[in-house]
Asks: 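First the structure, then my questions, so here it is.
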There are 2 protein chains.
Amino acid sequence: MGRTQPEGPMGTASKALSLLNYFSRAQSQIGLSDLARLSGMNKATVYRLMGELADHGFVEQVGAGREYRLGPAFLRLAALREKAVPMRELALAELTKLSELTGETSHMSLLNGEVLSNLTYSYAHKHGTMVMMEDAEVLELHSTGSGLAVLAFSPAPFVDAILSKPLVARTPETVTDPAAIQALLPKIRKRGMAWSIGGYERDVYSHAVPIFDAGSQCIGAMAVAAPVSRMTDELRATIQTELALAARRTTRVLGGFPPDSFPKINPTDSPVESELT
Amino acid sequence: MGRTQPEGPMGTASKALSLLNYFSRAQSQIGLSDLARLSGMNKATVYRLMGELADHGFVEQVGAGREYRLGPAFLRLAALREKAVPMRELALAELTKLSELTGETSHMSLLNGEVLSNLTYSYAHKHGTMVMMEDAEVLELHSTGSGLAVLAFSPAPFVDAILSKPLVARTPETVTDPAAIQALLPKIRKRGMAWSIGGYERDVYSHAVPIFDAGSQCIGAMAVAAPVSRMTDELRATIQTELALAARRTTRVLGGFPPDSFPKINPTDSPVESELT
DNA sequence: AACCGATGGTTCAAATAATGAACCGAATAG
DNA sequence: CTATTCGGTTCATTATTTGAACCATCGGTT
């Protein structure tokens, strides 16, 4: 997936595909004029491109306003992808174990352009409260544990590009100073794990470990998210141990390899206190 | 989805998207040259288009042969589609009930170009044997109950186009004579339900009812598939009654409407014997 | 080793397809 | 009734796509 976006003029196919990125959980239907405005393309161009997307079932038009929404073709293609590369299934198996062992919500997300999107998750049913997740939920790179884990193991130009944009504060705890975030990354690299305490959702204490592909590129992260109020030294130790193991198994089972620089797991390591505050 | 394919020259975006259609359960990885041959496009064109698809995560290259396979973007987009239009979830709810009531495998598939692709399915666990299904399994229109149900409620030009192509016999029971199939369609239209006995898999007795969208276009079918050996008058009656009800509810809950010509369900209708033999 | 026929990838002039300002008719708002 | 919106359409201008030919590399055969 592309850490290769702004390369000269976009091809026509790319323009069509990029239109799909404006659909989200929050905005599932978009009209022609809106789409033209959002994309900065000419209305006629958008009209023709969306027509082509519609011919293939990638979008469909609905209702009186003739608004567009994502089409049914994705269900078929996602099933084919999952059959060829059962990422979701394999990740879910690890997450299920991880949630049982830790008693907390675990999830895995994939890098998609400049954000992470949630691939799948697993709840524990040990407590009356738990951190909630959603399919295809978007996680920002700068404000989440998973995002920091990914940043720490991504190429410097990519990191710089992300951190040079305005960083929105999701909570009062969110770190929005690029320099402060850059300073965190070496620690994360050394530990092979990132933390975030209340940076995304106020009361969520999150640990995250990067996941790598066959070329040792970081493609996403596996994470455990617990309520801040429930975090103890013991829980932290359990999460850190089990998450590291689960993430390593996941990278392996997906056919990937951690980079040589990635720290080896040592079971006798003492749990690490947060270094984010 | 498109019953609108062969309209003059394809746009560039369409060419790119059509490349995705060569990936299937059987062929999940395709090399550049193969793809060029399959599509009839120039190798350089395919190379550039696949590069654009790869930039957006729609395909990825893998291994030594640099072969392409479908990318992770579909997982995200499918999740967004399902969130916006929970077809799969709603259909599965109906299928689960349907399988419980009938004791047999039920499934739903969507029209995708000139074939049906399976959306989801539900097994009953009443018997030791059952008809097996798979996600994104492809069903031909001429040789399956679901396909006949769709044909019977599709525009004549579309039906003619399908039946004018060579019809492969999946089993000795498959009807491959276009005229014979055309003759079946009025009966299916009258009953609002199609049958297929051993036409696709040797020992499968299948009933199918079309599903319609908001414009009363047929978009797919819901079906119950039982082993031929298990079919009795009683089971047939149960399947016909429950399938008709489930399909009607499904069309409704998806926001669709049967066309005016579609037969109303009358609970006192006597079960129908097969008219396919 | 030399050769063959594959493969993935690249080039550049020629040909084609994409583009966008302006325009429509319809629906809505003031 | 006027003024904006909307989705959709047109067509001369323009910029992009195209494809034959070209590499370099790989694996098998002779």
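Per chain, numbering begins at 1; letters A, B, ... match sequence-line order. Worth saying up front: this structure is predicted, and the values here are computed from it rather than measured.
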Asks: Considering only C:dT10, D:dG8, C:dG20, which nucleotide approaches the side chain of A:Thr45 most closely?
Replies: C:dG20
Asks: Below 4.0 angstrom from OP1 or OP2 of C:dT19, is there any side-chain N or O of A:Lys15?
Replies: yes
Asks: Run A:Phe257 and A:Phe212 through ring-ring contact (aromatic ring centres under 6.0 Å, His included) and show every step you take.
Replies: CA-CA 6 Å; A:Phe257 300 94; A:Phe212 301 94; over 10 Å; no
Asks: What is the distance from CD of A:Gln29 to P of D:dG7, rounded to the nearest Å?
Replies: 12 Å
Asks: Given atom CG of A:Leu49 and atom P of D:dG7, what is their separation to the nearest angstrom?
Replies: 15 Å
Asks: Tell me: CE of B:Met10 to P of C:dT16, nearest whole Å?
Replies: 16 Å
Asks: Just checking, any donor-acceptor pair under 3.5 angstrom between side chains of A:Ser143 and A:Glu140?
Replies: yes
Asks: Could you tell me the separation between the CD1 atom of A:Ile30 and the C1' atom of D:dG7, rounded to a whole number of Å?
Replies: 16 Å
Asks: Without decimals, in angstroms, what is the distance between A:Leu35 CG and D:dG8 P?
Replies: 12 Å
Asks: Considering only side-chain heavy atoms of A:Ala44, which listed nucleotide, C:dT7, D:dT17, D:dT9, is closest?
Replies: D:dT9
Asks: Taking only side-chain nitrogens and oxygens of A:Arg66, does any of them come within less than 4.0 Å of OP1 or OP2 of D:dC6?
Replies: no
Asks: Please determine, for the side chain of A:Arg48, which listed nucleotide (C:dT7, C:dT19, D:dG8) has the closest atom?
Replies: C:dT19
Asks: Given that A:Gln61 and A:Thr12 both sit by DNA chain D, which one's nearest nucleotide is further toward the 5' end?
Replies: A:Gln61
Asks: Got a donor-acceptor pair under 3.5 Å from the side chain of A:Lys43 to the base of D:dG8?
Replies: yes
Asks: Quickly work out the A:Leu19 CG to C:dT19 P distance and round it to whole Å.
Replies: 10 Å
Asks: Go through the steps to decide whether A:Glu134 and A:Arg25 satisfy the test salt bridge (charged side-chain N to carboxylate O under 4.0 Å, His left out), and finish with yes or no.
Replies: CA-CA 10 Å; A:Glu134 296 191 88; A:Arg25 308 197 123 248; 2.9 Å; yes
Asks: DNA chain D: A:Tyr47 or A:Arg37, which has the more 5' nearest nucleotide?
Replies: A:Arg37
Asks: Provide, to the nearest angstrom, the distance between the CG atom belonging to B:Asn42 and the C1' atom belonging to C:dT16.
Replies: 14 Å
Asks: Taking everything shown except B:Phe262 itself, do over 12 heavy atoms lie less than 6.0 Å from its CZ?
Replies: yes
Asks: C:dA21 P sits how many Å from A:Met41 CE, rounded?
Replies: 15 Å
Asks: Let me see the working for A:Arg249 and A:Glu94 under salt bridge (charged side-chain N to carboxylate O under 4.0 Å, His left out), right down to the final yes or no.
Replies: CA-CA 8 Å; A:Arg249 282 194 303 265; A:Glu94 290 295 339; 3.0 Å; yes
Asks: At under 4.0 Å, does any side-chain N or O of B:Ser33 touch on OP1 or OP2 of C:dA6?
Replies: no
Asks: The side chain of B:Tyr68 lies closest to which of these nucleotides: D:dT17, C:dT19, C:dG9?
Replies: C:dG9
